[in-house]
S.K.: 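Quick one: this structure, given as structure tokens, is what I'll be asking you about.
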There are 2 protein chains.
Amino acid sequence: MRITYKGDYALKAVLELASNYRKDTVTIHEMANRLDIPAKFLEQVLLELKRGGFVESRRGRMGGYLLAKSPSQIKLGEVIRFIDGPIEPIACIDIKYKGCNATYKCVFRKIWKEVAKKTSEIIDNITFEDLAKETKKETLVYTI
Amino acid sequence: MRITYKGDYALKAVLELASNYRKDTVTIHEMANRLDIPAKFLEQVLLELKRGGFVESRRGRMGGYLLAKSPSQIKLGEVIRFIDGPIEPIACIDIKYKGCNATYKCVFRKIWKEVAKKTSEIIDNITFEDLAKETKKETLVYTI
DNA sequence: TATAATTTCTATTAACATAGTAGAGTATAA
DNA sequence: TTATACTCTACTATGTTAATAGAAATTATA
């Protein structure tokens with residue numbers, strides 16, 4: 001798995017919206033400023049997240065973005081997979097990969113699957129509710 | 001972590017040499033044919049593996065490649081890191097990464113570190129001796 | 001109703017990485 | 001001496017990434 005800037009931005013954006021869940025909508029520019037992300041790039045990321053059903057938007061004045069479902073229903077793994085693709089470290093799990101005339105007896109294949117499994121055990125067991133709580137807590141710690 | 005074709009080829013080449021440890025040297029072309037890898041590309045990979053101290057070579061007639069140390073002393077993780085770089089899924093662990101004005105309080109950072117740790121627990125605990133044994137066993141199974 | 005604020009959509013681009021190709025040079029066993 | 005093998009450097013095609021640009025559509029509100 002490799003996390004791109006786009007994926008990184010997506011996670012931060014969703015977390016931002018999760019922290020704002022059931023409050024106001026947040027505009028692209030607000031998020032871009034707060035997260036220090038190029039606004040036009042973030043715009044594209046948010047559109048993609050919308051198509052993925054993670055966020056909703058309100059157009060026009062007083063518009064902005066908001067989460068499409070509860071933070072507790074969005075897993076870290078879902079978002080990163082949607083934006084950056086499969087978490088498997090090598091494509092030999094995938095169809096496109098050519099280079100193994102006998103994948104079924106490739107000793108590496110099972111290792112990469114094991115890596116993917118362990119990765120999944122982490123990222124598919126963390127919701128944005130968890131993350132929002134954690135950031136809140138950390139912010140408090142640093143504020144006090 | 002993302003494993004490139006180059007990394008994939010490197011692992012297969014080292015395994016091939018591990019299976020041949022203390023027997024004859026193996027030429028680039030033999031390996032390229034057996035592993036179905038473009039010979040000129042494999043050539044570069046092997047040169048890199050040599051610079052990394054994983055393999056040795058004999059030039060001229062009757063030449064070829066051989067392992068520089070015992071298969072039991074070469075870990076999967078060492079080779080893949082050397083060829084494909086750090087296993088961390090995101091560069092925010094690295095210096096070059098810009099985009100976190102406060103990495104120390106980034107909730108994602110610790111997650112990616114955890115992923116890297118689990119990955120390391122797998123790939124740094126497998127030697128090419130293990131792998132060579134496994135391929136040998138599997139080959140037998142399919143031969144019988 | 002006009003306007004400012006906001007999202008939406010499509011295209012373009014610079015830089016870099018990947019995966020490979022090409023060819024001339026060097027060493028060595030037989 | 002020669003065939004066989006590794007060595008080295010350069011080149012290239014393709015794709016991906018991380019943006020940037022600008023015009024269009026929508027909507028609250030003054």
Side-chain angles (χ1 to χ4, degrees), chain A residues 1-13 17 24-33 35-52 54-66 68 80 83-86 89-92 94 96-99, chain B residues 1-13 17 24-33 35-52 54-66 68 80 83-86 89-92 94 96-99:
Chain A
M1 177 169 57
R2 188 194 146 214
I3 286 130
T4 65
Y5 272 84
K6 192 171 164 190
D8 184 42
Y9 295 164
L11 296 178
K12 287 174 179 166
L17 294 177
D24 261 355
T25 58
V26 186
T27 69
I28 294 175
H29 283 274
E30 281 169 347
M31 299 181 78
N33 284 332
L35 301 173
D36 196 30
I37 298 173
K40 291 296 278 182
F41 194 18
L42 181 58
E43 176 191 308
Q44 292 179 55
V45 175
L46 285 166
L47 278 174
E48 215 165 314
L49 286 171
K50 188 184 169 185
R51 290 185 204 109
F54 299 103
V55 305
E56 283 178 9
S57 63
R58 303 279 177 265
R59 288 172 78 148
R61 201 158 173 173
M62 295 284 98
Y65 279 90
L66 66 156
I80 202 62
I83 298 291
D84 276 345
I90 196 170
C92 80
D94 200 1
K96 285 179 292 182
Y97 175 83
K98 55 173 181 29
Chain B
M1 177 170 56
R2 187 191 148 216
I3 285 129
T4 64
Y5 272 84
K6 192 172 166 190
D8 184 43
Y9 295 163
L11 296 178
K12 287 174 179 165
L17 295 177
D24 261 354
T25 58
V26 187
T27 71
I28 293 174
H29 282 273
E30 282 169 347
M31 299 181 78
N33 285 332
L35 301 174
D36 196 30
I37 298 173
K40 290 297 277 182
F41 194 19
L42 181 59
E43 178 190 306
Q44 293 179 55
V45 175
L46 285 167
L47 278 175
E48 215 165 314
L49 286 171
K50 188 183 170 186
R51 290 184 204 111
F54 298 103
V55 305
E56 283 177 11
S57 63
R58 303 279 176 265
R59 290 172 78 148
R61 201 160 173 172
M62 295 284 100
Y65 278 91
L66 66 155
I80 202 63
I83 298 291
D84 276 344
I90 196 170
C92 80
D94 200 0
K96 285 179 292 182
Y97 175 81
K98 57 173 179 33

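Below, read A as the first sequence line, B as the second, and so on, with proteins coming before strands; counting in each chain starts at 1.
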S.K.: For the pair made of NE2 in A:His29 and P in C:dA5, what is the distance, rounded to whole Å?
M.R.: 11 Å

S.K.: Does C:dA17 have its OP1 or OP2 closer than 4.0 Å to a side-chain nitrogen or oxygen of B:Thr4?
M.R.: no

S.K.: So, using salt bridge (Lys or Arg N to Asp or Glu O under 4.0 Å) as the criterion, who are the partners of A:Lys40 when residues are at least two apart?
M.R.: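 Here the qualifying residues are A:Glu43.
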
S.K.: Rounded to the nearest angstrom, tell me the gap between atom CZ in B:Phe41 and atom C1' in C:dA22.
M.R.: 15 Å

S.K.: Using only atom types and a distance under 3.5 Å, with no angle test, would you say the side chain of A:Thr25 pairs donor to acceptor with the backbone of A:Leu66?
M.R.: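 Side chain of A:Thr25 to backbone of A:Leu66, a donor-acceptor pair under 3.5 Å: no, none is there.
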
S.K.: Restricting to ring pair (Phe, Tyr, Trp, His ring centres under 6.0 Å), what partner residues turn up for A:Phe54, sequence neighbours left out?
M.R.: A:Phe82

S.K.: Taking 4.0 Å as the cut-off, does a side-chain nitrogen or oxygen of A:Tyr9 come that near to OP1 or OP2 on D:dA19?
M.R.: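 A:Tyr9 to D:dA19 OP1/OP2: side-chain N or O found under 4.0 Å.
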
S.K.: Using whole Å, what does the distance between atom P of nucleotide C:dA19 and atom CG of B:Asp8 come to?
M.R.: 9 Å

S.K.: With a 4.0 Å cutoff (strictly under), does any side-chain N or O of A:Tyr65 reach OP1 or OP2 of C:dT6?
M.R.: no

S.K.: Tell me, please, which residues at least two apart from A:Arg58 pass salt bridge (Lys or Arg N to Asp or Glu O under 4.0 Å).
M.R.: A:Glu56

S.K.: Pairs under 3.5 angstrom, nitrogen or oxygen only, protein versus nucleotides 24-26 of chain C, please.
M.R.:
unit_1, atom_1, unit_2, atom_2, d
C:dT26, O2, B:Arg59, NH2, 2.6

S.K.: Taking salt bridge (Lys or Arg N to Asp or Glu O under 4.0 Å) as the test, write out the residues that go with B:Glu30, two or more places apart.
M.R.: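 B:Glu30 satisfies salt bridge (Lys or Arg N to Asp or Glu O under 4.0 Å) with no residue once adjacent residues are dropped.
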
S.K.: With the threshold set at under 4.0 Å for non-hydrogen atoms, list the residues of residues 44-52 of chain A touching DNA chain D in residue-number order.
M.R.: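 Residues of residues 44-52 of chain A under 4.0 Å from DNA chain D: A:Gln44.
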
S.K.: OP1, OP2 of C:dT8 versus side-chain N and O of A:Ser57: anything below 4.0 Å?
M.R.: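 Yes, A:Ser57 has a side-chain N/O under 4.0 Å of OP1/OP2 on C:dT8.
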
S.K.: Checking B:Arg59 now: which residues fulfil side chain to side chain contact (heavy atoms under 4.5 Å, CB included) with it, not counting sequence neighbours?
M.R.: none

S.K.: Which residues pass the side-chain hydrogen bond (donor to acceptor under 3.5 Å, both in side chains) test with B:Gln44, sequence neighbours left out?
M.R.: none

S.K.: With sequence neighbours excluded, tell me which residues meet side-chain hydrogen bond (donor to acceptor under 3.5 Å, both in side chains) with B:Ser57.
M.R.: B:Lys50

